S.K.: 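Sharing a structure, written as structure tokens. Questions coming.
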Amino acid sequence: RRQRQMCIRDSPWTAVIHPGDHEIVRQADSRRQRGEADRYEARLIRKDGGIIHVLVAGRPRMVEGQFAGSLAVFTDVTAQKQAAEQIQKQIEHLQALRSIDIAIAGSLDINVTLEVLLSQVLDHLQVDAGAVFLLDPHESRLRYEAGAGFHGRAFREVSIPLTEGLVAQAVRSRKTIPFLSFADEPDAIPDFPAIQEEGFTGMCLAPLIAKGRVLGVLAVFTRGLRELDEAWPSYLEAMAARAAIAVDNAAIFRELNESHLHLSRALDEVLMGWARTVELRSGEGEGHTERVVRLSLQLARQLGMRGEELVH
């Protein structure tokens, strides 16, 4: 059989077809040799190295019943491909936010919620590590609260004063600090050893803001080059907004518990005061009321009462 080679403008087809699609083209060529027409998608490489997505419709050219070559029409579908990829990214983004919302709604344990959030941050934003630093208003410092993707434990000890560095700047400015490459801006490297120990090459910071108050910072880090699309900062800010809601919910729940505890203690003290007053007025010995309560509880337990029934 005569050796054949498909060329495009005097170049072998392998020079213009993306290496990942070579097998697709070979299979299509084999089908045409058998007299079959086909359609398939492939990627072409431009002179500047860019990629073009094309839809190829080809059919064999037969001469006296023998295969003599192929005729093909190439349709540029790059715009459609890019639109489909963007839609898929948005779907994945919404799914990630939904997972975080479910975690926030299903648990008041801030550690559980932040664990889910940071997992989604690493997976969806394609970064190597992430951490949540919460503001300590009494000491005017940011302290590590949760993290993922770190090799060591040095970050757990990080405490950042609000007067220093980009992390604190994100709190003071209440604005996202765009992604920074440490190679391009060495002065931007935070002044704590954990950064060097982890081998990070860049970072991005987004403040956690809920009800007008800055609660902390979501920081993400990379160890290599990353290609970030235009929507990446908005994704990070959406993640930071969820983190702020989770932190705020946990704080509200903690404050309610503390208030309930204080009220319970205050009520107990009032009741004890009344009990002593009754004892003094009735002439009964000290501790009489407590003995009555203790006996009443014993009787209630024997009658099968439990939990809140005993309280009432």
Side-chain angles (χ1 to χ4, degrees), residues 1-100 119-130 149 178-179 181 183-184 201-202 204 220 222-239:
R1 187 175 61 179
R2 181 171 58 88
Q3 184 178 10
R4 299 173 305 98
Q5 183 179 31
M6 185 176 75
C7 298
I8 299 179
R9 290 188 179 181
D10 300 326
S11 299
W13 64 267
T14 52
V16 293
I17 301 294
H18 190 281
D21 295 337
H22 284 185
E23 186 58 30
I24 295 174
V25 177
R26 289 193 184 96
Q27 292 178 5
D29 190 41
S30 297
R31 289 192 295 270
R32 290 174 194 167
Q33 289 183 52
R34 298 194 299 268
E36 302 174 11
D38 60 3
R39 294 166 62 91
Y40 61 91
E41 290 185 8
R43 290 165 291 176
L44 302 183
I45 303 174
R46 300 188 311 196
K47 288 183 179 181
D48 61 3
I51 301 296
I52 300 175
H53 294 267
V54 294
L55 175 63
V56 183
R59 65 180 181 83
R61 187 169 65 87
M62 311 298 287
V63 177
E64 297 179 355
Q66 297 295 318
F67 178 75
S70 298
L71 297 176
V73 175
F74 292 72
T75 304
D76 187 346
V77 294
T78 304
Q80 294 91 318
K81 276 287 184 180
Q82 291 175 343
E85 291 174 357
Q86 186 63 32
I87 291 172
Q88 183 60 35
K89 286 182 179 180
Q90 291 175 350
I91 292 173
E92 293 173 356
H93 174 60
L94 292 174
Q95 290 173 339
L97 293 180
R98 175 170 171 74
S99 297
I100 297 170
S119 174
Q120 293 294 336
V121 166
L122 266 60
D123 182 58
H124 186 67
L125 297 183
Q126 297 295 297
V127 293
D128 295 304
F179 184 84
S181 170
D184 297 335
T201 59
C204 186
V220 296
T222 61
R223 294 189 176 93
L225 297 177
R226 289 291 186 277
E227 292 185 6
L228 308 178
D229 58 34
E230 295 180 356
W232 195 89
S234 64
Y235 292 163
L236 178 65
E237 290 171 355
M239 298 286 190

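Only a predicted model underlies this, so the values are computations on that prediction, with no experimental measurement involved.
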S.K.: Where does the angle between the aromatic ring planes of H124 and Y235 fall among parallel (under 30°), tilted (30 to 60°) and perpendicular (over 60°)?
M.R.: tilted

S.K.: Side chains of T75 and V54: closer than 4.5 Å at any heavy-atom pair?
M.R.: no

S.K.: Under a 4.0 Å N-O cut-off, is there an ion pair linking E41 with K81?
M.R.: yes

S.K.: Are side-chain heavy atoms of L236 and C204 found at a separation under 4.5 Å?
M.R.: yes

S.K.: Say you draw a straight line from OG1 of T78 to CG of L44; how long is it, rounded to the nearest 0.5 Å?
M.R.: 8.5 Å

S.K.: In Å and rounded to the nearest 0.5 Å, what is the CZ to CZ distance from R32 to R59?
M.R.: 10.5 Å

S.K.: Taking atom OH of Y40 and atom CG of D21, what is their separation to the nearest 0.5 Å?
M.R.: 9.5 Å

S.K.: Is a donor on one side and an acceptor on the other found under 3.5 Å between the side chain of E23 and the backbone of G20?
M.R.: no

S.K.: From S234 OG over to W232 CH2, what is the distance, rounded to the nearest 0.5 angstrom?
M.R.: 10.5 Å

S.K.: Do I52 and R46 make a side-chain contact, defined as non-hydrogen atoms from C-beta onward lying under 4.5 Å apart?
M.R.: yes

S.K.: Would you say the side chain of V121 lies within less than 4.5 Å of the side chain of V220, judging by non-hydrogen atoms?
M.R.: yes

S.K.: If you count heavy atoms of other groups shown closer than 6.0 angstrom to CZ of R223, is the number above 12?
M.R.: yes

S.K.: Looking at every heavy atom in both H53 and D76, which two are closest together, and how far apart are they?
M.R.: O-OD1, 3.3 Å

S.K.: How far apart are the closest heavy atoms of S70 and D29, and which atoms are they?
M.R.: OG-OD1, 4.3 Å

S.K.: Do I51 and H18 make a side-chain contact, defined as non-hydrogen atoms from C-beta onward lying under 4.5 Å apart?
M.R.: yes

S.K.: Using modelled atom types only, decide if a donor and an acceptor are shared between the side chain of H22 and the backbone of I17 within a distance under 3.5 Å.
M.R.: yes

S.K.: Within the structure provided, determine whether P19 and I45 are in side-chain contact (heavy-atom separation under 4.5 Å).
M.R.: yes

S.K.: Roughly how far apart are Q33 CD and M62 CE, rounded to 0.5 Å?
M.R.: 10.0 Å

S.K.: Please answer whether the main-chain N or O of A68 pairs with a side-chain N or O of R61 as donor and acceptor at a distance below 3.5 Å.
M.R.: yes

S.K.: Looking at CG of D38 and CZ of R31, how far apart are the two atoms once the value is rounded to the nearest 0.5 Å?
M.R.: 4.5 Å

S.K.: For F179 and T222: C-alpha separation, side-chain torsions, deciding distance, then whether side-chain contact (heavy atoms from CB on, under 4.5 Å) applies.
M.R.: CA-CA 10 Å; F179 184 84; T222 61; 3.4 Å; yes

